[in-house]
Number of protein chains: 2
Amino acid sequence: MNRASRKKLEAKGWRLGDAQDFLELTDKEMAFIEMKLALGRDLKKHRQLKRLSQAAFARRINSSQSRVAKMEAGDASVSMDLLIKSLLELGVSRKELARSIDQSNRRTV
Amino acid sequence: MNRASRKKLEAKGWRLGDAQDFLELTDKEMAFIEMKLALGRDLKKHRQLKRLSQAAFARRINSSQSRVAKMEAGDASVSMDLLIKSLLELGVSRKELARSIDQSNRRTV
DNA sequence: TGACAGTATGTCAGATATGACATATTATTT
DNA sequence: AAATAATATGTCATATCTGACATACTGTCA
């Protein structure tokens, strides 16, 4: 991971282990974070497909506009549970969720 | 969902919506819970493949034996985040995680 | 330009998840 | 059977996540 990417993530509140940590650990951290980012992107995509504003969608899941914004932005304060529940609420299937989780539809941070 | 299954889940601490709720909602609840159960089963499988006791694995992820037991048992107090981080720690790939998330390797509760 | 809808970002009190511990239950080994 | 290892279950103080709110920013339309 380059300096710029790391900066970007740290801005979102992610506390990453020291660069001296051995690589495997960092890889696991990254895999986890990338999954959340992927789910956030998907959330945005599906919400927009349904022509819902963040506020409208927030109402639907008993949350708030700001939290929806954070979900889509990959904020570190957002749990996997919330992301997945939200996607299900949008009618996304387990199969589609699986595609987001999977490495294959990757995109660099 | 039948009465026995519901009882089983409620024993694990899951608070399910009233049966009068319309079906779609219940389906989403169930999809979410089934995902967690699937991840828990996978965790157990991979831990055993590596011949680790719950206590030994717990040490590796800075957790405790009791929490690992809860993860594997599908306890409601366990987050998706913890399940997924734990699976990654066991060396499970995103692709394999995706398979658990996916409906296809389903098993009734 | 200003008004307005949508989104982003920061903060916080309350809600939920966490590791740790105690203790019970269930294999496994001798 | 008794000792030992592994797993299950309950509780709790603390850590982390949450919705809500305030407020800032970004478009877009008149």
Side-chain angles (χ1 to χ4, degrees), chain A residues 7-17 29 32-33 35-37 39-90 109, chain B residues 7-17 29 32-33 35-37 39-90 109:
Chain A
K7 278 275 175 167
K8 226 173 191 171
L9 286 175
E10 285 175 345
K12 290 179 178 179
W14 293 102
R15 306 311 286 120
L16 301 176
E29 283 176 351
F32 185 70
I33 293 173
M35 273 185 237
K36 284 199 178 181
L37 296 177
L39 292 171
R41 284 195 298 270
D42 269 28
L43 186 67
K44 181 167 192 168
K45 187 182 80 183
H46 281 96
R47 174 181 62 78
Q48 288 179 332
L49 278 174
K50 292 216 166 180
R51 306 242 184 280
L52 292 168
S53 67
Q54 290 181 344
F57 178 56
R59 253 171 266 128
R60 231 174 96 171
I61 60 172
N62 302 313
S63 182
S64 60
Q65 179 269 324
S66 58
R67 189 130 299 271
V68 173
K70 281 170 230 253
M71 288 194 235
E72 295 182 354
D75 191 282
S77 81
V78 174
S79 74
M80 212 92 184
D81 296 65
L82 186 61
L83 284 164
I84 290 181
K85 278 184 189 167
S86 301
L87 280 159
L88 289 173
E89 204 50 50
L90 277 173
V109 187
Chain B
K7 278 272 177 171
K8 227 174 191 172
L9 286 175
E10 284 176 345
K12 291 179 178 180
W14 293 102
R15 304 313 285 116
L16 300 177
E29 284 177 352
F32 185 71
I33 294 174
M35 274 185 237
K36 285 199 178 182
L37 296 178
L39 292 172
R41 285 194 298 270
D42 268 29
L43 186 67
K44 181 168 192 168
K45 187 182 78 181
H46 281 97
R47 174 180 65 77
Q48 288 179 330
L49 278 174
K50 292 215 166 184
R51 307 242 184 279
L52 292 169
S53 67
Q54 291 181 344
F57 178 56
R59 255 171 264 128
R60 233 174 96 171
I61 59 172
N62 302 313
S63 182
S64 61
Q65 179 270 323
S66 58
R67 190 130 299 271
V68 173
K70 280 169 225 235
M71 288 194 235
E72 295 182 356
D75 191 284
S77 81
V78 174
S79 74
M80 213 90 184
D81 297 66
L82 186 61
L83 284 164
I84 290 182
K85 279 185 190 169
S86 301
L87 280 159
L88 288 173
E89 202 52 49
L90 278 174
V109 188

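What you see is a predicted model, and the numbers here were worked out from it, not measured in a lab. Residue numbers begin at 1 in each chain, while the letters A, B, ... track the order of the sequences.
Which of D:dA20, D:dT11, C:dG19 sits closest to the side chain of B:R67 comes down to C:dG19. Closest approach to the A:L82 side chain among D:dG19, D:dA8, C:dG10 is made by D:dG19 (side chain taken as heavy atoms from C-beta onward). Closest to the side chain of B:S66, out of D:dT18, D:dG19, D:dG10, is D:dG10. Among D:dG19, D:dA20, C:dA17, the nucleotide with an atom closest to any side-chain atom of A:S63 is D:dG19. Residue A:S64 places its side chain closer to D:dG19 than to any other of D:dG19, D:dT9, C:dT18.
Counting heavy atoms from C-beta on, the side chains of A:K36 and A:L83 come closer than 4.5 Å. With contacts defined as side-chain heavy-atom distances shorter than 4.5 Å, the pair B:Q48/B:E72 does not qualify. A heavy-atom distance below 4.5 Å is not found between the side chains of B:K44 and B:R41.
Contacts of residues 50-58 of chain B with DNA chain D (heavy atom under 4.0 Å): B:S53, B:Q54.
Judged by distance alone, with hydrogens and angles left aside, the side-chain atoms of B:K85 form no donor-acceptor pair with the main-chain N or O of A:F32 at under 3.5 Å.
Defining each end axis of the helix from C:dT1-D:dA30 to C:dT30-D:dA1 as the rotation carrying four pairs' C1' atoms onto the next four, with five pairs an end, the two axes are found to diverge by 40° to 10 degrees.
Residue A:R47 has a polar side-chain atom (N or O) positioned under 4.0 Å from OP1 or OP2 of C:dT7.
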